[in-house]
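Notes follow the structure.
The sequence lines fix the lettering, A, B, ..., with proteins before strands; numbering per chain opens at 1.
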Amino acid sequence: MSPRMQGTVLPWLVVAAMFVVWEIGVTAAGLPPFVLPAPSAVFAAFAEFYGPIMGHAMHTLGTTLAGFALSVVGGVALGVAVGSSAVAYRALFPVLIGFNSIPKVAIVPVLIIWFGIGAVPAIITACLISFFPITVNVATGIATVEPELRDVLRSLGATKLDILRKVGLPRAAPYFFASLKVAITLAFVGSIISETVGSNEGVGYLMIQASSRFQIPLVFAALLVVAAMGVAMYLVFAVIERRMTFWATRGIDAAYATGG
Amino acid sequence: MSDPAARFVALEGVSLRYGGAAQGTLAVQGLDIAIRRGEFAAVVGPSGCGKSTLMKLVTGLAPASEGAVIVGGHEVAGPLKIVGMAFQNPTLLPWRTTLDNVLLPLEIVEPYKATFRRDREKHVARARALLATVGLAGFEGKYPWELSGGMQQRASLCRSLIHEPALLMLDEPFAALDAFTREELWAVLQALWMERRFTCILVTHDLREAVYLADTVHVMSARPGRVIETRVIDLPRPRDLDASFAPDFVEIVQGLRARIAEARAEQLRAAA
Ligand SMILES: Nc1ncnc2c1ncn2[C@@H]1O[C@H](COP(=O)(O)OP(=O)(O)O)[C@@H](O)[C@H]1O
Ligand SMILES: [Mg+2]
């Protein structure tokens, strides 16, 4: 099997094996469904509540993507500032680290007080939790331009803006697209945390409701849907990354092609 | 002294200290050098003696702590805007094809920048011609990672010359290449220079390279660097590899080698 096919087939095998072990373990131990439901029970719950689950999932997807879009805009702007100016770096970086250390779940109640129950706190939480990797990656790409290359450009009369446009931004692109894969999964975490703390819609809300009614199979079904959406979004951005920055991953495809 | 062409590039009593005034590294001190317009000058010296620092001083990328740096009759106060530069590391942009890498300076340097889009066809033709003279015809559409080290360095040379700079600065451009490729590129560079006659400053630690290419070789002392000997190489051009094994050539190389050995011995004595 080629490494590429392994990449498509093996994860499914692992998931299938996990479900089998889980099913057998639960049955053998005789665990009641409200402690740990077997996968069969989870799938049954998914089929039964398919409509509501998908409705809430789409709501969560919407808030996640909205928050993610904001975090891309803000994260890139901050990353460009921090990466291209030593003063901005010194001024902002400690603040960003401090901010990123705050557990976002602690902010959600405040956001709810400010904006009320609804989509807005979820969007903001998704944005706050996911902009940091984007900022750091963009800043790194811009700040690590080779000094010799900078000298070549400066001795041509290049302005800081020229260097940013011709070298900094293109160079940061692979870092940026790599960070999007991480950021989108974090954005899901953010919006679901927010929905869990206070919302009347979304997967997080669904899970809280279900667990308060001891519908544990439904909780697990919702969790699996979240995981699936996370993987799907990750794959979308992985494809975009490949398309946009083929020059940075050069040779990797070739290595795959020649490998047994 | 008063003829500006004779002192197209001149350093007068220049010193440069990196870091703080008190505890920083004194890289060069009392550096005097004069290079004619259209001259090919080589600078040799032990590693760490301040050769790259000299490049930065001449191009205005680093300001002198003391003394004056003069290029083209004007004292250098900030980065010059018309210089071509190439380094040991070819620093081509991996997201651009070879052709687009070579065109990069034209997107930055005035007067080309303002009309770059309109005159693109003309520039592309010129870049192709230049690539052909260094043996890269047919590689215009390749990305840098598809080229060998020697080919990347050829492309880097083209990038440093496409805007027809009056001054070309080369900092150990061939140091990372194998001996065969390096000697091929000596011939390429010599041909380009004989055709265009730009003023060129080549930093190298290869004495054969310096003697093969240069009109004058400046020998620098160990750090803090200054010029301790200037040797005029009046061998006929074009020079070729066979000439580099002739007795007069070898004698010059040996003389320079002895001078550098002396400088290093002095440094060791001073340190002891
Ligand atoms: N940016 C810098 N900051 C501090 N010291 C430097 C810097 N650049 C060079 N130096 C020091 O100055 C001396 C001369 O460096 P350089 O000009 O690069 O030497 P060369 O090119 O001849 O090997 C060296 O001792 C080096 O360590
Ligand atoms: Mg050097």
Side-chain angles (χ1 to χ4, degrees), chain A residues 76 79-80 83-86 137-138 140-180 239-258, chain B residues 52-53 55-62 71 76 78-97 100-101 103-113 116 142-147 156-157 159-173 201:
Chain A
V76 168
V80 169
S84 49
S85 149
N137 274 274
V138 170
T140 305
I142 291 174
T144 52
V145 170
E146 295 89 336
E148 287 96 355
L149 187 53
R150 203 183 285 278
D151 284 355
V152 167
L153 294 169
R154 284 179 63 205
S155 63
L156 295 170
T159 60
K160 277 197 146 188
L161 188 64
D162 284 330
I163 297 178
L164 183 66
R165 278 179 46 225
K166 299 290 179 192
V167 183
L169 292 180
R171 197 175 182 293
Y175 295 85
F176 169 67
F177 286 109
S179 75
L180 291 188
V239 169
I240 294 176
E241 179 188 15
R242 264 168 175 286
R243 290 275 159 85
M244 304 300 288
T245 60
F246 64 96
W247 53 268
T249 51
R250 60 198 180 247
I252 292 176
D253 282 350
Y256 278 176
T258 54
Chain B
S52 297
T53 302
M55 305 297 260
K56 290 197 177 175
L57 285 164
V58 171
T59 51
L61 292 169
V71 175
V76 173
L80 298 180
K81 299 195 169 168
I82 42 99
V83 183
M85 285 184 114
F87 297 88
Q88 175 174 338
N89 174 357
T91 62
L92 299 174
L93 305 177
W95 56 89
R96 284 176 172 241
T97 62
D100 285 335
N101 264 292
L103 289 173
L104 177 70
L106 302 181
E107 298 170 26
I108 292 170
V109 184
E110 297 294 359
Y112 304 102
K113 181 182 183 177
F116 180 75
K142 296 265 188 248
Y143 286 91
W145 75 84
E146 300 174 296
L147 305 182
S156 174
L157 264 183
R159 183 180 67 185
S160 68
L161 287 172
I162 187 72
H163 55 295
E164 306 191 336
L167 181 60
L168 179 66
M169 308 292 287
L170 303 173
D171 192 347
E172 308 199 7
I201 303 182

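The candidate with the highest count of non-hydrogen atom pairs below 4.5 Å against chain B, out of A:Ala173, A:Ala158, A:Pro170, is A:Pro170.
The two residues A:Lys166 and B:Leu93 make their nearest non-hydrogen contact at O-CD1, 4.0 Å.
Taking OG1 of B:Thr91 as the start and CG of A:Leu153 as the end, the distance is 8.5 Å to the nearest 0.5 Å. Atoms CG and CE, on A:Asp151 and B:Met85 in that order, are 5.5 Å from each other to the nearest 0.5 Å.
Only the side chain of B:Leu104 comes within contact range of chain A, with at least one heavy atom under 4.5 Å from a heavy atom of that chain. Contact annotation for A:Asp162: only side-chain heavy atoms (C-beta onward) come within less than 4.5 Å of a heavy atom of chain B. In this structure, chain A has heavy atoms under 4.5 Å from both the backbone and the side chain of B:Glu107.
With a 6.0 Å radius and a threshold of 12 heavy atoms from other residues, nucleotides or ligands, B:Lys81 has its NZ atom at or below the threshold.
In this structure, the side chains of A:Arg171 and B:Trp95 come closer than 4.5 Å at one or more pairs of heavy atoms.
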**Study point:** Trace of the side chain to side chain contact (heavy atoms under 4.5 Å, CB included) decision for A:Val152 with B:Arg159
**Key:** CA-CA 10 Å; A:Val152 167; B:Arg159 183 180 67 185; 4.1 Å; yes

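Screening B:Val83, B:Val109, B:Ile82 for a side-chain contact (heavy atoms from CB on, under 4.5 Å) with A:Ser155, the sole residue that qualifies is B:Val83. Residue A:Arg154 is tested with B:Leu61, B:Thr59, B:Ile108 for a side-chain contact (heavy atoms from CB on, under 4.5 Å); the sole match is B:Leu61.
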